Amino acid sequence: MSLIPTLAETISRARADLRVGLPVGFGGWLGASVETLSPARLADLRALGPVVLAVTGRRAETLKARAYDGDLARVRVPAEADVAWLRAVADPADDLRMPMKGPLFTDRDGDTTPHRAALALAKSAELLPAMVMVEAAAPEGLTRLPPGPTLAQLAAETGLAPVASARLPLAAAERSRLHVLRPDDGGIEHYAVEIGAPRRDLPVLARLHSACFTGDVLGSLKCDCGPQLHAALTTMGGAGEGVLLYLNQEGRGIGLANKMRAYDLQSQGFDTVEANHRLGFEDDERDFRLGAAMLRRLGFSAVRLMTNNPRKVEMMQSHGIEVVERVPLIVGRNRWNDTYLAVKRDKSGHLL
Ligand SMILES: Nc1nc2c(ncn2[C@@H]2O[C@H](COP(=O)(O)OP(=O)(O)OP(=O)(O)O)[C@@H](O)[C@H]2O)c(=O)[nH]1
Ligand SMILES: [Zn+2]
């Protein structure tokens, strides 16, 4: 019956549930985000059975907890542990000031499919990847997801469509249009700035820009995003045509709150990659299939890509967009982002 939510619709609901602190059913397990968990909900979950805290292998490494499952660890939650204890395990903010007391014990047997799905959902909700889990059926009223690698499957199938566009004269290029594209999984919208009227049958000068509120809007000196954004638009304006995709993947896909957590760790001396790992994220959580899908929706199949990131070139090629040329975009170095750019070159393979 068409009034029953599809899997994509259910996942979209589940993401919102996690953000407000509601548990979600993952197969035969219930899971709630540590970040939004209330003491009352923790007590309710405890009443159903022994609870474990699922964290990523990255976070487990920092905690020196054995990750028997490789990419994730199931930390046993002691009977006396409260929400503050769970948050301290999940959030590295105070790792240095208050190192975790006592060893953490982790589970090694059993099916980890529900835990993996729970962590993937937490990441897609831009929450800390740490989930309190208990083996129990979801009571009436809670969102239930089927077991299995549903999120990954879905990401591959997610489509997006242009919903509106209008002329938008820019300082850098007066003949411009802004297109808004909306994904069909309930996720955030993304934008495309089309400059001039580029032909669809020729390679277009293109830039895939990931959102950076701090750099793009505030002019932060900690990164090179603002200058890159403006230089790309100016180059396209000068050439008379181009397309700039503005992908709302703040902080390489971890969201602004987590990026600020990462910045705080950077103030404590960790670099950009180490900070992501301590929080439990990979270096880069962006899904560049999105960029390829947007280009295709706008009618482009070949690009001259403005980037210093060889991964972006590979990802475009492997998702069906021909990259006929890589156009370097090296701007905005200053004394505050010197080390950040050096880490991008040395650890992330950027051609700088
Ligand atoms: N997690 C995290 N994200 C950051 C940090 N600094 C900038 N970002 C984000 O990184 C993204 C920009 O990616 P970059 O790695 O600078 O550049 P790129 O887009 O991969 O490569 P280029 O095409 O060469 O610019 C934006 O989403 C920023 O918000 C940081 O220290 N930590
Ligand atoms: Zn930035």
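All values below come from the heavy atoms of this structure, side chains included, with hydrogens, waters and symmetry mates left out. Counting starts at 1 for both ligands and their atoms, in listed order. Here the structure is a predicted model, which means the values were calculated and not measured.
For the 3.5 Å distance criterion, the side chains of Asp271 and Tyr340 fail to qualify, holding no donor opposite an acceptor. Donor-acceptor pairing under 3.5 Å is recorded for the side chains of Thr143 and Asp17.
Every atom of ligand 1 is numbered from 1 in the order shown, and the set under 4.0 Å from a heavy atom of Gln249 is 27 (O). Close approach of ligand 1 to Thr272 (heavy-atom distance below 4.0 Å) involves ligand atoms 30 (C), 31 (O), 32 (N). Near Lys259, meaning under 4.0 Å from any of its heavy atoms, are these atoms of ligand 1: 3 (N), 4 (C), 29 (O). Proximity to Asn308 (heavy-atom distance under 4.0 Å) selects the following atoms of ligand 1: 22 (P), 23 (O), 24 (O). Near Lys312, meaning under 4.0 Å from one of its heavy atoms, ligand 1 places the atoms 18 (P), 19 (O), 20 (O), 21 (O), 22 (P), 23 (O). Of all atoms in ligand 1, listed by their number and element, those nearer than 4.0 Å to a heavy atom of Ile254 are 1 (N). Those atoms of ligand 1 that come under 4.0 Å of a heavy atom in Arg207, given as number and element, are 22 (P), 23 (O), 25 (O).
Judged by the 6.0 Å distance and 45° axis criteria, Lys222 is positioned over the aromatic ring of Tyr263.
Among all protein heavy atoms, the one lying closest to atom 13 (O) of ligand 1 is Arg286 NH1, 3.5 Å. The shortest contact between atom 8 (N) of ligand 1 and any protein heavy atom is with Tyr340 OH, 4.0 Å. At the shortest separation from atom 17 (O) of ligand 1 among protein heavy atoms lies Lys344 NZ, 3.3 Å.
In this structure, Glu285 contributes its side chain and Glu282 its backbone to a donor-acceptor pair below 3.5 Å.
Tested against Asp284, the residues Arg252, Gln249, Arg311 include a single side-chain hydrogen bond (donor to acceptor under 3.5 Å, both in side chains) partner, Arg311. Residue Val77 forms a side chain to side chain contact (heavy atoms under 4.5 Å, CB included) with just one option from Asp82, Leu86, Val89, Leu42, and that option is Leu86.
Heavy atoms of Phe281 stay at 4.0 angstrom or farther from ligand 1. Not close to ligand 1: His209, with no non-hydrogen atom less than 4.0 angstrom away. Residue Tyr263 places a heavy atom under 4.0 Å from ligand 1. Not a single heavy atom of Lys222 sits less than 4.0 Å from an atom of ligand 1.
Interatomic distance, Leu128 CG to Ser33 OG, rounded to the nearest 0.5 Å: 7.5 Å. If you take NE2 on His319 and CZ on Arg296, they are separated by 8.5 Å, rounding to the nearest 0.5 Å.
Polar contact with ligand 1: absent for Asp284 (N/O pair, distance under 3.5 Å). Polar contact check, Gly251 against ligand 1: a nitrogen or oxygen pair lies under 3.5 Å apart.
The heavy atom nearest to atom 12 (C) of ligand 1, considering only Pro328, Ala211, Cys225, is found in Cys225.
In Arg311, neither the side chain nor the backbone holds a heavy atom less than 4.0 Å from any atom of ligand 1.
Here the angle centred on the Zn ion (ligand 2), running from SG of Cys212 over to SG of Cys225, is 110°, rounded to 10°.
In this structure the side chain of Val327 reaches within 4.5 angstrom of the side chain of Leu205, judged on heavy atoms.
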Start with the C-alpha distance between Val243 and Ile195, add both sets of side-chain angles, then the distance that settles side chain to side chain contact (heavy atoms under 4.5 Å, CB included), and finish with yes or no. CA-CA 6 Å; Val243 60; Ile195 290 169; over 6 Å; no
